[in-house]
Number of protein chains: 2
Amino acid sequence: MSSETGIAIGSEPLSASIKRLLLDRIVNGDYGPGERIVESRLAKELEISQSPVREALRDLAAMGMVEIESRRGARVRQPTAKELRDVSEVRSEIDALAARLAAPRLSADAMEELRTAHSDMTACLEAKDYVGMTEADANFHRIIARESGNEAVERVFSQLEPFARTFITLTSPDVELGGILRQHGGILDALMDKDAGLAAERARAHQLSVRDAFFDDSGAVEEFLNGSDH
Amino acid sequence: MSSETGIAIGSEPLSASIKRLLLDRIVNGDYGPGERIVESRLAKELEISQSPVREALRDLAAMGMVEIESRRGARVRQPTAKELRDVSEVRSEIDALAARLAAPRLSADAMEELRTAHSDMTACLEAKDYVGMTEADANFHRIIARESGNEAVERVFSQLEPFARTFITLTSPDVELGGILRQHGGILDALMDKDAGLAAERARAHQLSVRDAFFDDSGAVEEFLNGSDH
DNA sequence: TGGCGAGGAATGGCCGACAAACTGCAGGGA
DNA sequence: TCCCTGCAGTTTGTCGGCCATTCCTCGCCA
């Protein structure tokens, strides 16, 4: 389960719960691209005040998931195909750096985590559980980012990661997911061999192949390409 | 002038003005590292309500300039030397990517901007105007990021850039600033030759040399290294 | 003497309300 | 017919206030 209607989780601030709720709705496509999110309306729907909603929207704007124009409100950011490519391109460098840094310092525990994430993903693919697969996929890369020991890498990664989720949600059946798994396997192998250079190169190639998928495999994404090119 | 006491600028939201004000105070060192920023106190000082202050703090937290703990308030983030190194390392990849992408598509206007930023920086160095120099420095790199045509590069860059300013503020007289200028010159030349590979390599080397400055040149920063190394 | 719990002050989180700003539309004049 | 102007509805940005939690101090008890 990801999230139903319930919001409160323990003593966590309301705004954080709302942020997660909105993120879920966005990456799952409940909110259409470009759709407007009205603070007061959402507040009424959730039976809370405007303030926490406002804060959640600000956080999402900082992540780039929504766009806020002064005095004109927030709307779900529709990443153009170009932007998703842009993000993948940056990810190719970030993930390569992460892999290079992580390789020599991977603990046995972390390797175990990576193997688990990888087999989770394999299982999800066989079960055709694409949502679960995106989560496992994100997890795989997140572990590497964390194990890089570089806080800036972690932060940048977590900012860019939601875009990847949007991608897979949009293109799920079209993309050759088995290829992603194989690439992950290659990265995993290189990391276990503590071959930093190879791991970095494979991580980079992986993201670049994701980038290129936006052209070839996905008709669904292409329709977003509305004059964003110069 | 950067900002005095006045806050309002045109019809811009209050929170944005406050954000700039706080950023100024932080990078200029008016707020000590780790110092607490109390919402109600600041609101009273500026004779406004809590809400815009709160929002500004949230924005700064998203940038990593302050740290907010739930129910425990905000404090100025003190980047450890390790973290500044981390950021520089990420920047080395981001800036290299930016330079590589920008090289083949640089317009004449953009090149002119770059030359201007470079000579501004030179002038500031001669005038020993270190604050102006940080601004010109930031500008130089920002132009390249913008001209990369990759929105994700731009966004990530703008998130990481304030850390660099902290760096120079902290280390101003200690670092061999002339070296930075020479490196900028090298990047500029490569860009004008539209040599993407060379520009990228020089941009990367530039940031890595910044990273290494945290060890050699600055005693002021070293005191922050409190067990953050593993 | 030292640890521990009660009590008070400080402060963040959330609320409900309101004014200013923006949007869209209708009506009048060129 | 087209553009400018005024009006009404909607929504943001800001306000002031209240409650709950956290932090700190002080007195109690072992």
Side-chain angles (χ1 to χ4, degrees), chain A residues 3 5-23 25-26 31-78, chain B residues 3 5-23 25-26 31-78:
Chain A
S3 89
T5 50
I7 300 191
I9 298 182
S11 61
E12 173 192 59
L14 257 185
S15 56
S17 313
I18 299 169
K19 178 178 169 186
R20 261 208 314 283
L21 174 70
L22 288 179
L23 242 183
R25 289 191 180 178
I26 292 175
Y31 284 138
E35 184 171 337
R36 220 172 139 202
I37 301 182
V38 178
E39 296 175 2
S40 48
R41 209 177 293 277
L42 187 59
K44 189 166 288 183
E45 176 195 334
L46 304 178
E47 297 182 305
I48 57 178
S49 161
Q50 226 178 312
S51 315
V53 173
R54 205 176 157 70
E55 275 186 22
L57 284 173
R58 290 270 167 174
D59 282 5
L60 291 176
M63 298 176 61
M65 295 305 293
V66 306
E67 191 171 23
I68 295 182
E69 285 180 293
S70 188
R71 297 256 175 212
R72 273 198 272 165
R75 57 184 64 243
V76 176
R77 231 174 107 70
Q78 170 58 327
Chain B
S3 88
T5 50
I7 299 192
I9 297 182
S11 62
E12 172 192 59
L14 258 185
S15 56
S17 312
I18 299 169
K19 179 179 168 184
R20 260 207 314 281
L21 174 69
L22 288 179
L23 242 184
R25 289 190 180 180
I26 291 175
Y31 284 138
E35 184 171 337
R36 224 175 133 198
I37 301 183
V38 178
E39 295 176 0
S40 49
R41 211 179 292 277
L42 187 60
K44 190 166 289 180
E45 177 196 333
L46 303 178
E47 297 180 306
I48 57 177
S49 162
Q50 226 177 312
S51 316
V53 173
R54 203 176 159 71
E55 273 187 23
L57 284 173
R58 289 273 166 174
D59 282 6
L60 291 176
M63 299 176 60
M65 296 305 292
V66 306
E67 191 170 24
I68 295 181
E69 286 179 292
S70 188
R71 292 262 172 208
R72 275 197 272 166
R75 57 184 64 241
V76 176
R77 232 174 106 70
Q78 171 58 324

Testing C/dG16, D/dT11, D/dT21 for proximity to the side chain of A/V38, the answer is D/dT11

Out of D/dG13, C/dT11, D/dC15, minimum distance to the side chain of B/P52 belongs to D/dC15

Taken to the nearest whole Å, CD/A/E47 to C1'/C/dC14 is 15 Å

Out of D/dT11, C/dC14, C/dG13, minimum distance to the side chain of B/S70 belongs to C/dG13

B/L57 CG to C/dT11 P, in whole Å, measures 14 Å

Between B/S51 and B/E39, the residue closer to the 5' end of DNA chain C by nearest nucleotide is B/E39

A/K19 atom NZ is separated from C/dG13 atom C1', nearest whole Å, by 17 Å

Closest of C/dC14, C/dG12, C/dA17 to the B/R71 side chain is C/dG12

Separation of D/dG9 atom P from A/R36 atom CZ, nearest Å, is 18 Å

Among C/dC14, C/dG13, C/dT23, the one nearest any side-chain atom of A/L14 is C/dC14

| said: Please tell me if A/R54 has a side-chain N or O lying less than 4.0 Å from either OP1 or OP2 of D/dT12. | reply: no

Taken to the nearest 0.5 Å, the spacing of A/L21 CG from A/S15 OG works out to 12.5 Å

A/E12 CD to D/dT21 C1', in whole Å, measures 16 Å

Inset, instruction - Could you tell me whether the side chain of B/R77 and the main chain of B/E67 form a donor-acceptor pair under 3.5 Å? - result: no

Taken to the nearest whole Å, CD/A/Q50 to C1'/C/dG13 is 15 Å

Donor-acceptor under 3.5 Å (A/E45 side chain, A/L42 main chain):
no

Between CD of B/E69 and P of C/dG12 the distance, given in whole Å, is 12 Å

With a 4.0 Å cut-off on N to O distance, would you call A/K19 and A/E55 a salt bridge?
no

**OP:** May I ask you to say what B/E55 touches in the nucleic acid, namely base, sugar-phosphate or nothing, with a heavy-atom cut-off under 4.0 Å?
**Re:** nothing

Of the listed D/dT12, C/dT11, C/dG16, the closest approach to the B/R41 side chain comes from C/dT11

Separation of C/dC14 atom P from A/L42 atom CG, nearest Å, is 14 Å

Of the candidates D/dC23, D/dT11, D/dG13, the side chain of A/S40 sits closest to D/dT11

The nucleotide from C/dG16, D/dG13, D/dT22 with an atom nearest the side chain of B/R72 is D/dT22

From the candidates C/dG16, D/dT14, C/dT23, the one with an atom nearest any side-chain atom of B/P13 is D/dT14

* Asked: B/S70 and A/E12: side-chain hydrogen bond (donor to acceptor under 3.5 Å, both in side chains), yes or no, with the steps?
  -> CA-CA 8 Å; B/S70 188; A/E12 173 192 59; over 6 Å; no

